[in-house]
Amino acid sequence: MKPADSLELPVPTPAGVFAARYSTRGLIALRFPPKRKSSAKPHPAAKVPPGVRRWHRLTAEALRRVLAGKSPASLPPLDLSAGTDFQQQVWRALRSIRPGRTRSYAEIARAIDKPKAARAVGGACGANPVPVLVPCHRVLAANRRLGGFSAGLEWKRLLLQGEGILPTPPDSLTRTQIG
DNA sequence: CCCTAGCGGTGCT
DNA sequence: AGCACCGCTAGGG
């Protein structure tokens, strides 16, 4: 996908400004807010086609809802065509996990009929181009371990806390396990 | 807690 | 073809 075929728009949320990128087919990538402050890189956003504008409203609304622990009312079309067959199978399985619920990597592997591919499932989760809306954060390691998260475990904790899966710590506490 | 072996997909040479 | 990654897991100290 050439850069010229896609455009990127900011998504302000209570958790920071995400960036949504669109191809001609739909939402193709979602990036977490930069860790260190990004000091003004506002996209001019001229010439946004009406279709993309509509998609973007859906993206923004869905993102804010998931961040609030709710189920998105509706999603924009997702362009996940860049993934391998395996990755797309994993991502589809992720989309069936409802808010507030979790699966293990091994359970996802079983669900796509590759029971020994738990580790590869982790790889596919890490390659998920549309985090949050494709809820890779709801996949935990076996026996309640938190597992990993490419964008940083802080984000995974925050998302899980928003859905009531993780207890909200009274204080900033760094743990790698639940309960 | 630690370590180890086994596992499968991906990307690079 | 080989090889070195890994968001893993089960089993054993």
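In what follows, every chain begins at residue 1, and chains take the letters A, B, ... in the order their sequences are listed. Remember, it's a predicted structure, so these values are computed and weren't measured experimentally.
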Hey, which of A:K156, A:E107, A:R145 is the one that makes side-chain contact (heavy atoms from CB on, under 4.5 Å) with A:L140?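 Output: one option passes, namely A:K156.
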Transitive ILVMFWY side-chain link A:V130 to A:L58, under 4.5 Å: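 Shared cluster, no.
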Choose from B:dC1, B:dG9, B:dC7 the nucleotide whose nearest atom is closest to any side-chain atom of A:R145.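 Nearest to the side chain of A:R145 among the choices is B:dC1.
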In whole angstrom, give the distance that lies between atom [atom1] of [X] and atom [atom2] of [N].
{"X": "A:Q89", "N": "B:dG9", "atom1": "CD", "atom2": "P", "result": "10 Å"}
{"X": "A:D85", "N": "B:dG8", "atom1": "CG", "atom2": "P", "result": "18 Å"}
{"X": "A:R110", "N": "B:dC7", "atom1": "CZ", "atom2": "C1'", "result": "15 Å"}

A:W155 side chain reached by A:P33 side chain, heavy atoms, under 4.5 Å: yes
Mind checking if [X] touches a base, just sugar-phosphate, or nothing, with heavy atoms under 4.0 Å?
{"X": "A:F149", "result": "base"}
{"X": "A:K156", "result": "base"}
{"X": "A:G123", "result": "nothing"}

Can you tell me if A:K114 touches the phosphate of B:dG9, counting only side-chain N or O atoms and a distance under 4.0 Å to OP1 or OP2?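 Yes, because at least one side-chain N or O of A:K114 sits under 4.0 Å from OP1 or OP2 of B:dG9.
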Distance in Å, A:L158 CG paired with A:T168 OG1, rounded so as to fall on 0.5 Å steps: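 Taking CG in A:L158 and OG1 in A:T168, the distance rounds to 9.0 Å.
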Any Lys/Arg nitrogen of A:R138 or A:E163 sitting under 4.0 Å from an Asp/Glu carboxylate oxygen of the other? yes
Looking at C:dT9, which nucleotide sits across from it as a Watson-Crick or G-U wobble partner, both distances under 3.5 angstrom, or is there none? B:dA5
Provide the start and end nucleotides, 5' to 3', of the part of DNA chain C that has atoms under 4.0 Å from heavy atoms of chain A.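 Endpoints of the contacted stretch of DNA chain C: C:dC6 to C:dA10.
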Ring centres under 6.0 Å, that's the criterion: do A:H137 and A:F149 meet it? no
